[in-house]
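One structure is given below, encoded as structure tokens.
To find a chain, count down the sequence lines: A is the first, B the second, and so on, and within it residues start at 1.
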2 protein chains.
Amino acid sequence: MVQYVSPPLDLSFAALSDATRRGIIDQLGRGNASITSLADKFQMTLTGMKKHVQVLERAGLVVTQKVGRVRTCKLGERGLKAEAEWIEAHRKLFEARFEALDEIISEMRQEGRDD
Amino acid sequence: MVQYVSPPLDLSFAALSDATRRGIIDQLGRGNASITSLADKFQMTLTGMKKHVQVLERAGLVVTQKVGRVRTCKLGERGLKAEAEWIEAHRKLFEARFEALDEIISEMRQEGRDD
DNA sequence: ATAACACTGAACTAAATGGTTCAGTATGTA
DNA sequence: TACATACTGAACCATTTAGTTCAGTGTTAT
């Protein structure tokens with residue numbers, strides 16, 4: 001059983017902050033793909049697509065492998081576990097806040113606001 | 001019941017890609033805070049902290065309100081629902097891929113790789 | 001052998017990011 | 001009234017980002 005050390009959340013959240021890159025993940029979920037096929041699908045130069053894939057790769061979300069002249073991209077084995085855990089933990093934080101009593105009280109005081 | 005239209009995932013994932021901003025969310029989970037107190041806690045100028053808070057605010061993750069001379073920051077009511085949903089949906093995509101038969105077969109072919 | 005294909009790397013661009021300083025404005029306190 | 005506090009806005013800076021073009025290199029097909 002291999003151990004994956006997740007790259008910092010910085011890298012994966014940054015990778016996910018771009019719609020094209022989220023689209024690439026979507027696409028790779030339907031099957032592996034070459035750089036060229038992705039570039040076609042997302043209407044972008046090869047070089048541009050290569051950079052996006054590199055961002056995903058540095059984040060550990062995608063793994064690539066070159067055979068002959070084509071580089072095939074697939075979803076990384078580490079998945080989105082660390083990201084899901086951060087989000088879930090903090091989602092609970094958000095909810096806990098709204099249930100807190102002092103929150104309700106301070107809502108009641110909101111008359112005197114100016115912004 | 002108020003309806004929140006989530007700002008695009010681009011904004012929230014970008015907001016979450018910075019450790020300081022994730023720290024701010026963490027902190028606000030423990031209680032509301034002024035810009036000044038956050039700036040102190042994260043060793044940063046007021047102006048710098050203001051910018052971070054603005055990023056979180058544009059993403060809808062934080063809400064602020066100025067009363068007198070202090071601006072109080074709290075967690076936004078919309079929470080992290082949209083983000084959690086994206087992540088969870090795609091987490092399943094990742095896992096489905098690894099269970100797929102063609103994946104296993106292609107793993108067996110991995111001898112002839114050059115990168 | 002030649003041509004087409006898939007990628008790679010360097011260089012350039014415009015805009016965004018994460019920070020700063022400095023000079024305000026508005027508010028609260030003594 | 002005078003001073004301190006809390007923020008705000010403009011301007012600047014170095015770095016990163018998202019894209020491009022152009023000129024390669026190596027691989028496959030004819």
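- Side-chain atoms of K50(B) lie closest to dG9(D) of the nucleotides dT8(C), dG9(D), dG19(D).
- Going from atom CE of M49(A) over to atom P of dG19(D) covers 9 Å, rounded to whole Å.
- D26(A) and R30(A) are joined by a salt bridge, as a carboxylate oxygen and a charged side-chain nitrogen come within less than 4.0 angstrom of each other.
- Taking only side-chain nitrogens and oxygens, K66(B) never comes nearer than 4.0 Å to OP1 or OP2 of dT27(C).
- Regarding D10(B), its CG atom lies at a distance of 15 Å from the C1' atom of dT17(C), rounded to whole Å.
- Applying the 3.5 Å distance criterion, the base of dG19(D) shares no donor-acceptor pair with the side chain of T47(A).
- The CD atom of Q65(A) sits 13 Å away from the P atom of dT8(C) (whole-angstrom rounding).
- Whole-Å rounding puts the I35(B) CD1 to dT27(C) P distance at 16 Å.
- Remark: C1' of dT16(D) and NE2 of H52(A) are 14 Å apart, rounded to the nearest angstrom.
- What you find for E83(A) and I87(B) is that their closest heavy atoms are CB-CD1, 3.8 Å.
- Side-chain N/O atoms of R71(B) include one lying less than 4.0 angstrom from OP1 or OP2 on dT8(D).
- Closest heavy-atom contact between R78(A) and A59(A): NH2-O, 2.7 Å.
- Checking the phosphate oxygens (OP1, OP2) of dA6(C), no side-chain nitrogen or oxygen of S34(A) falls inside 4.0 Å.
- Between D40(A) atom CG and dC5(C) atom P the separation is 12 Å, expressed in whole Å.
- Side-chain nitrogen and oxygen atoms of K51(B) include none within less than 4.0 Å of the OP1 or OP2 phosphate oxygen of dG18(C).
- Salt-bridge annotation for K81(A) and E85(A): present, with a side-chain N of the basic residue lying under 4.0 Å from a carboxylate O of the acidic one.
- For R69(B), the side-chain atoms get nearest to dG28(C) when compared with the rest of dG28(C), dA4(C), dT21(D).
- Between the CD atom of Q43(B) and the P atom of dG18(C) there is a distance of 19 Å, rounded to whole Å.
- Atom CG in L38(A) sits about 13 Å away from atom C1' in dA6(C), given to the nearest Å.
- The existence of a salt bridge linking K92(A) and E95(A) is excluded, since no basic side-chain nitrogen approaches an acidic carboxylate oxygen closer than 4.0 Å.
- Where L46(A) and V70(B) each meet DNA chain D at their nearest nucleotide, the meeting point lying more 5' is that of V70(B).
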